[in-house]
Structure formats: structure tokens, C-alpha cells
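The structure appears right after this line, and notes come after that.
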Amino acid sequence: MSENDNGPDRTRNPSARSGVGILESDRFFVTVLLLCVFGPLVINPMAGNFTLDIAWPSIFSGDEPHYLVTLNSLVFDGDLDVSNNYRSAHKGSNQAGIHYRALPLPPHSIYYFNGRIYGWIHFFETVPERWIRDESGGLTAPLRAALPDTTLPPGAVTERTPQYTQHSPGLPILLGTFLKPFRSERYTEPAAILFSALAIFLTGLFLKDLCCLFSTKKWAVHSSVLLIMLGSPLWHYSRTLYTEAYLALFATAFFALTLKKEEISPLRKWLIPGLIIGVGIAMKPNFVLFAAPMILWCLARKQFKGAVYLSLGPGLGLVSMFLLNASHFGSPLHWAQKFICGNPVTGAWGLFTAGNRGLLWLSPLVLIPLALWPRFVRGDTSRTVPLLLGWCVYFFSMSLWHEWRGGYCYGPRLIVPTLPLLYLPLLHWIEGWDRQKLPARLGFILFAGISVLLNGFATVFYRSVWSINPWFYLIQR
């Protein structure tokens with residue numbers, strides 16, 4: 001009897017036999033990802049409030065208002081001097097966001113004198129009670145009575161001294177390119193959040209392309225991508241004004257493009273991915289570490305043209321940062337933030353297990369790909385080795401950083417760009433779903449369900465989980 005007479009052959013179609021044939025649909029995959037990423041943007045309750053308040057997307061805390069100030073400086077002034085923008089925010093404008101109007105927000109600005117770096121806080125009062133409030137409600141931060149260094153001349157810093165952010169300006173520059181034509185102080189803030197969501201959505205699409213390099217089963221690819229995007233802190237960062245959403249996109253796109261084996265032009269295979277890394281370097285200079293293993297891999301395989309093309313983008317990114325350093329701080333080697341080394345063992349352990357932000361607490365699903373990586377890397381080594389090396393060197397740099405916690409934020413923020421790569425072996429486990437025993441399936445469903453629920457909660461009620469483990473927060477409630 002023919003297949004048409006009896007319907008589809010379920011013995012040869014695992015997805016149909018499992019009742020998940022809908023996961024074969026590209027339209028279903030894109031629709032679910034689209035709704036999950038962009039849907040929560042309209043829900044904006046304040047911290048500790050669990051009502052579904054509908055409002056325009058807005059920033060919350062941490063470094064977000066400072067990225068927004070720099071973005072507004074580019075959009076409205078066309079420069080990176082944020083001194084007037086902070087003053088405007090202190091007087092009551094939206095330059096630092098609607099929730100920071102006329103509040104004593106200490107600028108994240110730095111100065112260099114005699115080769116030494118100083119922060120805004122070294123020259124101005126940071127105690128809110130000492131700020132001066134005028135008749136209209138605006139604030140002014142007075143200068144400290146004494147300079148931080150006796151070698152500095154009187155008046156070394158005043159309210160009108162140009163200020164440049166301590167954060168790499170790549171994110172404001174990228175967003176400013178798109179938002180400058182609109183020049184709307186009210187809508188720059190929600191538009192910036194919308195771009196973060198777009199970056200995470202595109203990360204999911206590139207992650208699908210990356211997974212397709214390791215599997216031909218669309219249902220397994222779609223399932224894996226949705227679980228990775230929704231069962232990890234990636235989901236939360238779709239609604240924040242941090243660089244991590246963009247760096248996750250760049251890292252995923254870089255490997256999705258460079259690991260293709262079909263014959264394509266060097267421009268597409270090497271130059272474009274290199275330029276992507278270059279943009280990432282402007283956001284976080286150590287992002288160059290993602291490209292280094294691939295360049296060395298090309299050299300080891302005598303793909304010299306590929307190595308040259310691939311190096312151009314990171315080279316341009318580093319040169320642009322050197323030029324900005326020279327322009328703003330007087331020397332190419334004067335960085336906005338100095339890299340201060342900590343204990344990499346403490347950092348690595350904390351990124352996975354710290355009670356208030358460890359990845360294992362927020363996404364127990366990660367245990368499965370961690371266990372599968374040794375087997376996964378022994379597969380197609382021409383693809384898995386560069387992936388693993390890229391992940392390792394970037395993760396090591398973040399664990400080496402003395403402030404591996406990432407400041408005030410949700411989860412292990414600094415390794416969020418590596419999560420699409422870290423979770424990749426999950427694909428092989430899902431591919432073998434029909435071969436898994438019942439206890440393994442139940443354990444997987446439990447880990448996946450908890451991970452999606454935790455990160456879904458952290459995305460919808462995102463202000464309530466910064467530097468707080470959702471588990472602990474719910475227990476306290």
C-alpha cells in the first residue's frame with residue numbers, strides 16, 4: 001500500500017511520530033520567536049510590581065541611563081561630549097531616560113591628567129543631599145572642596161569641562177546612525193530598546209543558520225533555537241540598553257557565516273564576518289578574542305587569503321578605538337576603562353554558580369549542553385574547534401575581569417554573548433529525542449520548563465530581577 005493511501009510514514013518521520021510536526025514550519029518558528037521577543041516590550045511594571053502595566057519601553061538602571069545619555073549626545077549634538085547632556089538630565093529633560101529626570105545621577109565620565117585616569121566622582125559631590133536644587137526643580141552637582149591629586153592645577157575640571165563616557169561608544173554610535181534622522185527626545189529611549197529586541201530576534205535567526213550546519217532536521221533546529229533563546233538570559237537582554245544583545249548577535253552571525261563550507265566569495269565568507277567583529281570591538285574591545293581563534297585556524301589550514309580578509313575588520317575596529325582614545329583622552333593607549341585583573345577561578349565559578357546571578361540557577365538547562373560538549377567537539381572538528389576556542393578565550397577574559405559580576409544587572413551579563421555558542425550541543429540531544437529513555441525525557445522537560453519560566457518571568461518583570469535571583473525573589477514574596 002502506498003504512503004498516500006495510509007498517510008505519512010511515521011516510522012521514517014520522527015517529528016510526525018512525536019506529534020511535533022508543526023516545528024518543521026519556518027513560519028511557526030519565526031512567529032513564536034517574534035512574539036516572545038517583541039511582545040513583552042509593552043509590559044513595563046516598576047520594580048516589585050507584578051501587574052501587567054502597559055507603557056512605552058524604557059530603561060531601568062545600571063549602565064543603561066549612561067548609554068542613553070551618550071546616544072542622545074550623538075543624536076542631538078552630533079558629538080560624544082556628554083557634559084551638557086548630563087546637565088540637561090539633571091535639570092529635568094529625558095536625556096538619561098524618563099525615570100531619571102531631575103535626579104542626582106552621577107555621570108559615568110572620565111578625565112585623563114598626566115597619564116592618570118580620574119572619574120567624575122573624584123571632582124564632584126556624589127552625596128545627593130549636597131546637590132543644589134534650583135527654583136524649577138533642577139539639580140546641580142557642586143565641585144568637591146579638594147582636588148583628588150595635589151599635582152592637578154586649580155580649576156582642572158569645571159562644570160563646562162568636556163566629559164567623555166567611561167563606556168565604549170560603539171553602541172551609541174550604531175544606534176545613533178539609525179535614530180539621528182528622527183531626533184525625538186521622547187522616543188529615542190523606546191526606540192533604543194526596540195533595537196535591542198531586534199538584535200536578539202536576529203540572533204535567533206543566525207543561530208538557526210548555525211544549527212543548520214550541524215543538523216538537517218528542521219524540527220530539532222527550531223526546537224533548539226527556541227529553547228536557547230527563551231530558556232537563557234538572552235531573552236531578558238532583548239529589553240535592556242546593554243551591549244550584550246548586540247554582541248550575542250555579532251558572535252552568532254560571525255560563526256554562522258565563517259563556518260559554512262560551500263564555495264562562496266571571500267568577501268561574504270571572511271570580510272563581512274571580520275567587519276562584524278570590528279563593530280563589536282567598538283562596543284567591547286576584547287570582542288576581538290572571538291576572531292583570534294578563527295584567524296589562527298585559517299593560518300593553520302593555509303587559508304592565507306581568508307586570514308587576511310578576516311583580520312581587516314578587527315584591525316579597523318581597533319584602529320577606530322585608538323583614534324577615539326587619542327581624540328578624547330590624549331593617547332591611543334588611554335582607554336575609557338582599564339582592564340583590572342581578578343581571580344579567573346573565582347570569576348568562572350561565580351559566573352555559573354553565584355547565588356544572585358549564576359547561570360546554573362537561572363537556566364538549569366545549561367547542564368545538558370555542558371555535558372555534551374566533549375562529544376560534540378569530536379564531531380566536525382573543522383567547525384566545533386573554532387567555536388569552542390572562541391567561546392573559551394572570551395569566557396576566560398570575562399572571568400579574569402575583576403568585576404565579573406557585570407555591575408547592576410540580571411544574571412551573568414558579561415557572558416551573555418557566548419550563550420548561543422555554549423548551548424549549541426543541545427541540538428544533538430534534541431535530535432536523539434526518540435532514542436532517549438523516559439527518565440531522561442522527563443528530566444529534560446523539567447530543566448527546560450524551569451529555564452523558560454524563570455527567564456520569561458525575568459523578561460516580563462525585568463525590573464524586579466536585577467542582581468536578584470528570581471528564585472530568591474519569589475520566595476521572599
Side-chain angles (χ1 to χ4, degrees), residues 63 67-68 70-71 73-75 80 164-165 167-181 191-207 209-210 234 237-238 240-259 266-295 306-325 327-328 332 335-337 386 390-391 393-394 397-398 413-421:
D63 296 334
Y67 279 117
L68 185 59
T70 308
L71 173 59
S73 179
L74 281 165
V75 169
L80 291 169
Y164 298 104
T165 180
H167 305 288
S168 294
L171 175 58
I173 291 173
L174 178 64
L175 294 181
T177 302
F178 296 98
L179 298 180
K180 187 174 179 61
I193 303 298
L194 185 65
F195 271 91
S196 293
L198 178 61
I200 290 296
F201 175 72
L202 293 176
T203 300
L205 298 186
F206 275 107
L207 182 56
D209 288 346
L210 185 57
L234 282 163
Y237 282 90
S238 65
T240 66
L241 189 57
Y242 274 112
T243 60
E244 276 63 33
Y246 299 88
L247 298 179
L249 168 61
F250 298 155
T252 308
F254 173 76
F255 284 108
L257 294 171
T258 56
L259 294 180
L267 177 70
R268 181 180 172 189
K269 184 173 178 65
W270 302 115
L271 182 60
I272 292 177
L275 293 174
I276 290 173
I277 294 294
V279 177
I281 289 171
M283 296 185 182
K284 196 179 289 287
N286 65 332
F287 197 69
V288 68
L289 296 174
F290 269 121
M294 184 62 75
I295 294 172
V308 171
Y309 276 115
L310 193 56
S311 301
L312 292 177
L316 289 173
L318 289 173
V319 167
S320 68
M321 293 305 298
F322 289 143
L323 292 175
L324 279 174
N325 291 344
S327 173
H328 295 169
W335 293 92
Q337 286 193 47
W391 183 88
V393 294
Y394 192 84
S397 72
M398 292 296 97
R413 176 173 69 88
L414 298 182
I415 63 168
V416 165
T418 73
L419 296 186
L421 312 181

Under a 4.5 Å cut-off applied to non-hydrogen side-chain atoms, are Leu324 and Pro169 in contact? yes
Using 0.5 Å steps for rounding, measure from the OH atom of Tyr237 to the CG atom of Leu419. 10.0 Å
Spacing of Met398 atom CE and Leu289 atom CG [to the nearest 0.5 Å]: 8.0 Å
Would Glu244 and Ile415 count as a side chain to side chain contact (heavy atoms under 4.5 Å, CB included) here? Give the steps. CA-CA 8 Å; Glu244 276 63 33; Ile415 63 168; over 6 Å; no
Looking only at non-hydrogen atoms, find the nearest pair between Ala248 and Val416 and report the distance. CB-O, 4.2 Å
Mind checking the CD1-CZ spacing from Ile276 to Phe206? Nearest 0.5 Å is all I need. 6.0 Å
Around Tyr309, counting heavy atoms of other residues, nucleotides and ligands shown, do more than 12 lie under 6.0 Å from its OH? no
Interatomic spacing from CG in Leu247 to CZ in Arg413 - rounded to 0.5 Å: 10.0 Å
Could you please spell out the steps behind the side chain to side chain contact (heavy atoms under 4.5 Å, CB included) verdict for Phe250 and Phe255? CA-CA 9 Å; Phe250 298 155; Phe255 284 108; over 6 Å; no
Does anything in residues 276-291 form a side-chain hydrogen bond (donor to acceptor under 3.5 Å, both in side chains)? List the pairs, not counting sequence neighbours. Asn286-Ser397
Could you tell me the separation between the CG atom of Leu310 and the CD1 atom of Ile272, rounded to the nearest 0.5 Å? 12.0 Å
Could you tell me how the ring of Phe287 sits relative to the ring of Tyr394: parallel (under 30°), tilted (30 to 60°) or perpendicular (over 60°)? perpendicular
The reported gap from CZ in Phe201 to CG in Leu249 (rounded to nearest 0.5 angstrom) is 11.5 Å
Given side chains that start at C-beta, do those of Met294 and Ser311 come closer than 4.5 Å, heavy atoms only? no
Report yes or no: does Ser238 contribute a side-chain atom to a donor-acceptor pair with the main-chain N or O of Leu234 at less than 3.5 Å? no
Go through the steps to decide whether Leu275 and Leu312 satisfy the test side chain to side chain contact (heavy atoms under 4.5 Å, CB included), and finish with yes or no. CA-CA 7 Å; Leu275 293 174; Leu312 292 177; 5.8 Å; no
Heavy atoms of Asn325 and Pro332 approach each other most closely as ND2-O, 3.0 Å
Give a yes or no on whether the backbone of His167 and the side-chain of Thr165 come within a donor-acceptor separation of less than 3.5 Å. yes
Side chains of Tyr67 and Leu175 in contact at under 4.5 Å (non-hydrogen atoms): no
Can a donor-acceptor pair be found, under 3.5 Å and without considering hydrogens, that links the side chain of Tyr242 to the backbone of Asp63? yes
If you take all heavy atoms of Ser168 and Pro285, which pair is closest and at what distance? OG-CD, 3.5 Å
Are Phe254 and Phe290 near enough that their ring centres are under 6.0 Å apart? no
